[in-house]
Amino acid sequence: MNDNLLRFGEPNAKLKKMLKELSLKLKTFTLPAGWSCPAAKDCLSRANRETGKIQDGPDTEFRCFAASAEATYPSLRKMVWRNFGLLKDALVDGVDACADLICASLPDKFDIMRVHVGGDYFSKKYLQAWIEVAKRNPEKIFYSYSKSLHFFKQFALPSNLVLTASRGGKYDELIDLHGWKEALVVYSEEEAEEKGLEIDHDDTHAAFGKENFALLIHGTQPKGSAASKALQVLKRKAKAV
Ligand code: SF4
């Protein structure tokens, strides 16, 4: 494996199965959650790079799932920090150098790329690099959830770079202003229904959908928080089925 290239991952089992039925191959890309998320607010959590200990942000309402995963898996932490370092080094030489690195690192075979299972577009230039990557690979689909909306508002995206604006960040007002498709975290199925949103259980709404959708709270939540209580109710319901 080339030490100078970025590493990519596999999708969750549900999405992988669904895409296999459609004969499509998906890969994922991940950065350090929280550390690379300049616009995170309600979700902000970070796993310490060395120890994995989670630290929530000042406004955290629900804990980032990717940060919890990093806390659990040292090998994942190592990979995401490695990716982050390579990208930042490449950006010193500019947007095209960063796009060159990403293109050189892309897996041989994939149809769809989830850009950032954890992490986000951490700078304007970094977003520009992915826009360039999408333009150079028009036959592929790249999709992202993002709260870095202050960067997105500055660019027209190629049609194969699909944005889902993730509500709960510092720039939520831009979602309505630009009419972007959005994802909202809900604490129950009833809440999603009240808001008229379908729940996305496998990322298909993010990758292919045109409408707003909901994500049901999951992962590990801060003790005593509303998110933690909602999660307990959901678990009890699931057991009772
Ligand atoms: S923006 Fe995404 S990756 Fe970053 S802390 Fe929030 S949920 Fe996690």
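Counting starts at 1 for both ligands and their atoms, in listed order. What you see below is based on every heavy atom in this structure, not just the backbone, and it leaves out hydrogens, waters and symmetry mates.
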> Does anything in residues 58-93 pair up under ring-ring contact (aromatic ring centres under 6.0 Å, His included), and if so which pairs, sequence neighbours excluded?
Replying inline: W35-W81, F65-H218, W81-F84, F84-F122

> Is K27 salt-bridged to D108, going by a charged N under 4.0 Å from an acidic O?
Replying inline: no

>> Is atom 2 (Fe) of ligand 1 near the protein, in the sense that some protein heavy atom lies at less than 4.0 Å from it?
In response: no

> Counting no waters, how many protein N/O/S atoms sit under 2.8 Å from atom 4 (Fe) of ligand 1?
Replying inline: 1

> Which pairs, with at least one residue in residues 184-212 and sequence neighbours excluded, count as a ring-ring contact (aromatic ring centres under 6.0 Å, His included)?
Replying inline: H205-F213

> Take atom NZ in K41; do more than 12 heavy atoms of anything else shown fall under 6.0 Å from it?
Replying inline: yes

> Can you find a side-chain donor-acceptor pair between D120 and Y126 that sits under 3.5 Å?
Replying inline: no

> If you look only at pairs with a residue in residues 9-32, which of them pass as a ring-ring contact (aromatic ring centres under 6.0 Å, His included), with sequence neighbours excluded?
Replying inline: F8-F29, F29-W130

